[in-house]
Enquirer: 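Before I ask anything, here is the structure I am working with.
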Amino acid sequence: MYTKKFIEALESKDLKKLRSIPKSDLHNHAILGGNLKYIEKWLGKKLPRLTKRITSIEEMEEWVNKYYLPYIKGRSGFEKAIEAAFMQAKTDGVIKLEMSIDVYFRYLYNGSAEELIKVLKKLHQKYAPEVNFIPELGFNRSVSQELLIEWFEPYLDYNYFKSVDLYGDEFAQPANNFKRLYRIAKSKGLKLKAHVGEFGDADNIQETVEILELDEVQHGISAVKSKSVMNFLQRNNIQLNICPTSNYMLSRVEKIKNHPIRKLFDNGIKVTVNTDDVIVFQNGVSEEFLLLYEHKIFSAEELDIIRMNGLQ
Ligand SMILES: [Zn+2]
């Protein structure tokens, strides 16, 4: 499906055509997933771009807190940011969007999970009804498990969210601290994901997958440093949802040309290509595919396999 057109679009480096081809985005942080130009149009002013590479999540958070979050405060700001994320997905040809909403956001609606879900449904229907939106709940790794469970539980009555993800500072707390939270999510049939192996090493990845019983990993690029961890991921069919530009801008890879996604793919691991935070890193999924093609990391045919991985 669309294979020929996708290959042609890559070979002719035709971004517009690439955007018209169905893709997925399975690693997307919702309020940071929006189209910056769309936000700027709404604000009536230009916002700064992240133009140089940074080295930590902390540095990224500082940047976001300074240059972006002040503009998307409160309910109206949150809803505009979500609207911008839906618009970004739609204009990028993303037809499957697994987008992560922090569990805490129900507090924007007096703690009501029902109200937050209503808002998300409304925005999805209004701005991107053609996109298969798969709502995901995000847990900030710096928050205690007790509190995360308290924030999480009210959502479970609605069967709206389909997956969970642990994100933020990878070293804030060990995976063991979230075991109970993940058991609850699993018992409710949610897909289990977590950020690991972005800053942490290969062993962290296997350990976290085993402790939390993960189905998929956000990033996981450090697996490349261990043949046995790569084998483990391949054997257990653990998909890595990778974000090349984010990895480059956060100095996780020295050069795009040497991105580990190639070696992970060659070791039989199922990989997908995603955006992480479009507001910060500026690239949609189409740009990410083109980037990997232009740096000759993959052939157009291989990138189509990766595109289809995400759509399965
Ligand atoms: Zn992420």
Side-chain angles (χ1 to χ4, degrees), residues 25-34 57 60-61 64-65 68-69 72-86 97-124 133-196 198 208 211-219 241 274 276-277 279:
D25 193 359
L26 313 175
H27 185 155
N28 178 311
H29 296 278
I31 60 161
L32 300 180
I57 291 286
M60 183 185 134
E61 281 172 354
V64 167
N65 287 337
Y68 183 57
L69 292 190
I72 55 155
K73 280 207 147 90
R75 280 184 204 179
S76 61
F78 169 76
E79 289 172 22
K80 189 51 80 170
I82 299 293
E83 176 186 324
F86 278 128
L97 175 65
E98 212 162 77
M99 185 162 78
S100 172
I101 316 282
D102 190 282
V103 276
Y104 187 75
F105 278 123
R106 68 181 168 86
Y107 287 101
L108 281 177
Y109 301 90
N110 303 317
S112 169
E114 189 177 354
E115 273 310 305
L116 172 62
I117 291 168
K118 242 189 234 167
V119 165
L120 293 171
K121 281 184 178 168
K122 187 188 81 190
L123 294 171
H124 174 219
F133 168 46
I134 305 167
E136 177 171 296
L137 279 173
F139 303 126
N140 188 324
R141 200 167 181 143
S142 300
V143 179
S144 75
Q145 174 169 250
E146 285 60 41
L147 215 43
L148 289 174
I149 290 174
E150 187 187 316
W151 294 350
F152 177 43
E153 277 180 329
Y155 292 101
L156 297 173
D157 299 334
Y158 300 95
N159 200 23
Y160 178 68
F161 290 93
K162 305 298 178 204
S163 57
V164 295
D165 172 37
L166 188 64
Y167 74 97
D169 175 5
E170 214 179 307
F171 303 114
Q173 298 180 69
N176 244 327
N177 287 20
F178 303 97
K179 216 170 160 171
R180 203 152 50 86
L181 175 66
Y182 270 68
R183 291 291 69 73
I184 297 171
K186 189 175 170 114
S187 74
K188 297 291 177 181
L190 299 177
K191 179 159 87 176
L192 310 181
K193 299 160 78 177
H195 280 58
V196 64
E198 178 188 17
T208 309
I211 292 172
L212 301 181
E213 297 180 40
L214 301 181
D215 299 297
E216 291 175 19
V217 166
Q218 305 298 72
H219 296 299
N241 299 317
N274 311 275
D276 215 0
D277 309 293
I279 283 286

Enquirer: Arg180 side chain to Ile149 main-chain N or O, any donor-acceptor pair under 3.5 Å?
Expert: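 Checked: no pair found.
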Enquirer: Hey, is Glu213 close enough to Lys186 for a salt bridge, meaning N to O under 4.0 Å?
Expert: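 Result for this pair is yes, salt bridge flagged.
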Enquirer: Could you verify whether a donor N or O on one side chain and an acceptor N or O on the other, from His219 and Asn241, lie under 3.5 Å apart?
Expert: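 No, no side-chain donor-acceptor pair sits under 3.5 Å.
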Enquirer: Hey, is the main chain of Ile117 close enough, under 3.5 Å, to the side chain of Tyr158 for a donor-acceptor pair?
Expert: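 Pair absent, no side-chain N/O of Tyr158 close to backbone of Ile117.
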Enquirer: Would you say that Ile211 contacts Lys179 through its side chain, given a criterion of any heavy-atom pair below 4.5 Å between the two side chains?
Expert: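 They are in side-chain contact.
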Enquirer: Between Lys191 and Glu98, does any NZ, NE, NH1 or NH2 come within less than 4.0 Å of an OD or OE carboxylate oxygen?
Expert: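 Looking at Glu98 and Lys191, the cut-off is met.
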Enquirer: Are the aromatic rings of Phe78 and Phe105 close, with centres under 6.0 Å apart?
Expert: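 Yes, they do, as the ring centres are separated by less than 6.0 Å.
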Enquirer: Do the side chain of Arg106 and the main chain of Ala113 share a donor and acceptor less than 3.5 angstrom apart?
Expert: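 Side chain of Arg106 to backbone of Ala113, a donor-acceptor pair under 3.5 Å: no, none is there.
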Enquirer: Quick check for you: to the nearest 0.5 Å, what is the distance between Asn28 atom CG and Leu97 atom CG?
Expert: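 It comes to 5.5 Å.
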Enquirer: Please test Phe133 against Leu123 for side-chain contact (heavy atoms from CB on, under 4.5 Å), starting from the C-alpha separation and ending with a verdict.
Expert: CA-CA 11 Å; Phe133 168 46; Leu123 294 171; over 6 Å; no
Enquirer: Between Asn177 and Gln145, do the side chains contain a donor N or O and an acceptor N or O under 3.5 Å apart?
Expert: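 No, Asn177 and Gln145 have no side-chain donor paired with an acceptor closer than 3.5 Å.
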Enquirer: Taking all atoms of both residues into account, what is the closest heavy-atom pair of Phe161 and Leu190, and its distance?
Expert: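 Reported closest heavy-atom pair: O-CD2, 2.9 Å.
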Enquirer: Take a 6.0 Å sphere around OH of Tyr109 and say whether it holds more than 12 heavy atoms from other residues, nucleotides or ligands.
Expert: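 Yes - once you tally the heavy atoms of other residues, nucleotides and ligands closer than 6.0 Å, there are more than 12.
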Enquirer: Taking ring pair (Phe, Tyr, Trp, His ring centres under 6.0 Å) as the criterion, tell me which of Tyr167, Phe152, Phe178 meets it with Phe139.
Expert: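 Going through the options one by one, the only one that passes is Phe152.
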Enquirer: Can you find a side-chain donor-acceptor pair between His27 and Asp276 that sits under 3.5 Å?
Expert: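 Yes, because at least one side-chain N or O of His27 sits under 3.5 Å from a partner of the opposite role on Asp276.
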Enquirer: Does the distance from a Lys or Arg side-chain N to an Asp or Glu carboxylate O, for Lys162 and Glu136, drop under 4.0 Å?
Expert: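 Result for this pair is no, no salt bridge flagged.
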